[in-house]
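The structure under discussion appears below in the form of structure tokens.
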There are 2 protein chains.
Amino acid sequence: MSQSPQTAPDALAQRLAHSGLRSTPQREVIYDVLLKKRDHPTADEVHARVRTDLPSISLATVYNCLETLVQCDLVRAVNFERGPTRYCPNLRPHAHFHDEQSGSTHDIDLPADLLEKVSAVLPPGYDAKSVEITFRGKALKNSEHRAAGSK
Amino acid sequence: MSQSPQTAPDALAQRLAHSGLRSTPQREVIYDVLLKKRDHPTADEVHARVRTDLPSISLATVYNCLETLVQCDLVRAVNFERGPTRYCPNLRPHAHFHDEQSGSTHDIDLPADLLEKVSAVLPPGYDAKSVEITFRGKALKNSEHRAAGSK
DNA sequence: TTGCTACTTAGAACCATTCCAATTGCTTCA
DNA sequence: TGAAGCAATTGGAATGGTTCTAAGTAGCAA
Ligand SMILES: [Mn+2]
Ligand SMILES: [Mn+2]
Ligand SMILES: [Zn+2]
Ligand SMILES: [Zn+2]
């Protein structure tokens with residue numbers, strides 16, 4: 001039962017192993033990039049950011065890795081009106097607010113009781129596995145600052 | 001103030017006129033098709049249905065007309081996870097339930113007070129112009145029958 | 001009629017994403 | 001240690017819904 005001399009595997013490595021998948025530099029850097037700047041980047045934006053660490057990573061790999069992270073429930077794919085898919089490492093129940101002016105996307109935490117009330121509108125016979133709530137409108141500057149989250 | 005000898009303009013013609021647009025056979029038939037079978041068809045599906053009346057209508061025109069109807073607030077464009085846009089003539093406040101099994105989309109009416117509660121989760125500084133609520137899961141057969149809405 | 005503009009049309013272009021076939025890289029285990 | 005086997009990455013082609021473009025058609029005003 002002795003461990004290998006390497007450091008203990010991080011959350012990512014553990015989740016991957018749990019699904020029979022390997023931890024790779026590409027997967028790790030992509031996940032780090034998502035955690036570091038939580039502004040719901042597109043695959044292209046992730047690609048650009050990851051390239052500072054892995055200059056030769058391909059866009060296909062970025063798509064593959066993002067898909068893997070979504071499968072492992074470490075990341076949520078977020079869509080808004082046929083725009084490119086965005087990626088979000090916030091695992092708490094939350095809604096998304098799309099600022100029409102700036103195109104930015106903000107997390108809105110949702111209390112559990114609200115989700116219950118929302119699901120309660122479903123007539124009998126409807127069994128929802130997930131609910132998604134999306135706002136569209138205008139966010140004031142200071143809200144943007146607060147939501148940028150780099151503090 | 002005498003009207004022309006034609007019949008009074010229907011809701012569609014009036015809305016179009018209000019926006020300085022013309023009522024055309026293509027726009028009318030497309031809107032009729034949406035009203036007749038409210039199953040959230042894609043542009044392709046609308047195209048196929050409209051062709052029974054207008055065999056030579058182009059897909060580009062279907063897209064153009066659907067866009068026009070959306071602009072006039074007669075139809076809502078509904079998106080789900082990068083799938084093709086679907087079109088919905090239900091103007092009441094409602095959510096959408098996507099049945100993963102069948103791929104069908106059902107309207108879920110929303111009481112006004114729920115929409116208020118949902119919007120109330122927005123922190124100060126967020127001004128939402130619209131809220132969208134989407135469920136994903138499994139709907140039982142009898143629900144599907146009820147929601148098909150042809151009766 | 002003539003002109004003006006709105007509307008429709010076929011097909012090209014667009015673009016995010018997926019697919020494909022080839023390569024590279026771990027990991028076993030002889 | 002090394003061959004096999006499988007996982008993962010890669011560049012480029014293909015996909016598919018949608019939008020664009022340029023040309024034609026049609027209603028309307030003067
Ligand atoms: Mn993308
Ligand atoms: Mn479509
Ligand atoms: Zn988020
Ligand atoms: Zn609907």
Side-chain angles (χ1 to χ4, degrees), chain A residues 3-6 9 12-13 15-31 33 40-48 50-51 53-72 75 77-87 103 105, chain B residues 3-6 9 12-13 15-31 33 40-48 50-51 53-72 75 77-87 103 105:
Chain A
Q3 291 267 124
S4 78
Q6 291 154 216
L12 169 61
R15 289 280 193 126
L16 288 169
H18 182 267
S19 301
L21 302 170
R22 293 180 192 160
S23 184
T24 67
Q26 289 86 348
R27 286 170 179 169
E28 278 169 15
V29 173
I30 285 173
Y31 187 48
V33 153
H40 304 84
T42 64
D44 261 359
E45 289 167 341
V46 170
H47 188 216
V50 163
R51 286 228 236 198
D53 276 351
L54 300 173
S56 64
I57 191 173
S58 73
L59 180 57
T61 297
V62 172
Y63 274 105
N64 291 338
C65 293
L66 288 170
E67 171 68 12
T68 297
L69 295 174
V70 169
Q71 307 283 45
C72 292
V75 167
V78 178
N79 289 104
F80 182 62
E81 280 180 7
R82 301 261 331 155
T85 299
R86 296 173 172 276
Y87 296 88
T105 300
Chain B
Q3 290 268 124
S4 78
Q6 292 152 218
L12 169 59
R15 289 279 193 128
L16 290 169
H18 182 268
S19 301
L21 303 170
R22 293 180 191 160
S23 182
T24 67
Q26 290 86 348
R27 287 169 179 172
E28 279 170 13
V29 172
I30 286 173
Y31 188 48
V33 152
H40 304 85
T42 64
D44 261 0
E45 288 165 342
V46 170
H47 188 216
V50 164
R51 285 229 238 199
D53 276 349
L54 300 173
S56 64
I57 191 174
S58 74
L59 181 57
T61 297
V62 171
Y63 274 105
N64 290 339
C65 293
L66 287 170
E67 171 69 11
T68 298
L69 295 175
V70 169
Q71 307 284 47
C72 293
V75 167
V78 178
N79 290 104
F80 182 61
E81 278 179 8
R82 300 260 335 150
T85 300
R86 296 174 173 276
Y87 296 88
T105 300

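Predicted model only: the values in this text are computed from it and were never measured.
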Seminar exercise, completed: Residues at least two apart in sequence or cross-chain that pass salt bridge (Lys or Arg N to Asp or Glu O under 4.0 Å) with A/Glu81, listed by chain then number, are A/Arg136
Please report, rounded to the nearest Å, how far the [atom2] atom of [N] is from the [atom1] atom of [X].
{"X": "B/Glu45", "N": "D/dG16", "atom1": "CD", "atom2": "C1'", "value": "15 Å"}
{"X": "A/Arg82", "N": "D/dG17", "atom1": "CZ", "atom2": "C1'", "value": "5 Å"}
{"X": "A/Asn79", "N": "D/dT18", "atom1": "CG", "atom2": "P", "value": "13 Å"}
{"X": "B/Leu16", "N": "D/dG27", "atom1": "CG", "atom2": "P", "value": "15 Å"}
{"X": "A/His47", "N": "D/dG11", "atom1": "NE2", "atom2": "C1'", "value": "11 Å"}
{"X": "A/Glu81", "N": "C/dA16", "atom1": "CD", "atom2": "P", "value": "16 Å"}
{"X": "B/Gln26", "N": "D/dG27", "atom1": "CD", "atom2": "C1'", "value": "12 Å"}
{"X": "A/Leu54", "N": "D/dG11", "atom1": "CG", "atom2": "P", "value": "12 Å"}

Exercise. Which letter, B, S or -, goes with each nucleotide of nucleotides 18-26 of chain C from 5' to 3', with contact meaning a protein heavy atom under 4.0 Å?
Worked result: B------BB
Check residues 19-29 of chain A and write down every donor-acceptor pair under 3.5 Å in which the side-chain atom is one partner and the other belongs to a residue at least two apart or another chain.
{"from": "A/Ser23", "atom 1": "OG", "to": "A/Glu28", "atom 2": "OE2", "distance (Å)": "2.4"}
{"from": "A/Thr24", "atom 1": "OG1", "to": "A/Arg27", "atom 2": "N", "distance (Å)": "3.1"}
{"from": "A/Arg27", "atom 1": "NH1", "to": "A/Arg22", "atom 2": "O", "distance (Å)": "2.7"}

Exercise. C/dA16, D/dT9, D/dT10: which one has an atom nearest the side-chain heavy atoms of A/Cys65?
Worked result: D/dT9
For this session: Determine whether A/Asn64 and A/Glu67 make a side-chain contact, defined as any pair of heavy atoms from C-beta on separated by less than 4.5 Å.
Result: no
For this session: Compare all side-chain heavy atoms of B/Thr68 with those of B/Leu16 and state whether any distance is below 4.5 angstrom.
Result: yes
Exercise. Quick check: does any side chain N or O of A/His47 sit under 3.5 Å from a backbone N or O of A/Ile57, one acting as donor and the other as acceptor?
Worked result: yes
Exercise. With no hydrogens and no angle check, is any side-chain donor or acceptor of B/Arg82 less than 3.5 Å from a backbone partner on A/Gly83?
Worked result: yes
Seminar exercise, completed: For A/Glu45 and A/His40, the nearest pair of non-hydrogen atoms, with its separation, is OE1-O, 4.3 Å
Problem set entry | A/Arg86 or B/Leu21, whichever maps to the more 5' nucleotide of DNA chain C | B/Leu21
Less than 4.0 angstrom between a side-chain N/O of [X] and OP1 or OP2 of [N], yes or no?
{"X": "B/Thr61", "N": "C/dC7", "value": "no"}
{"X": "A/Thr24", "N": "D/dA8", "value": "no"}
{"X": "B/Arg27", "N": "C/dC7", "value": "yes"}

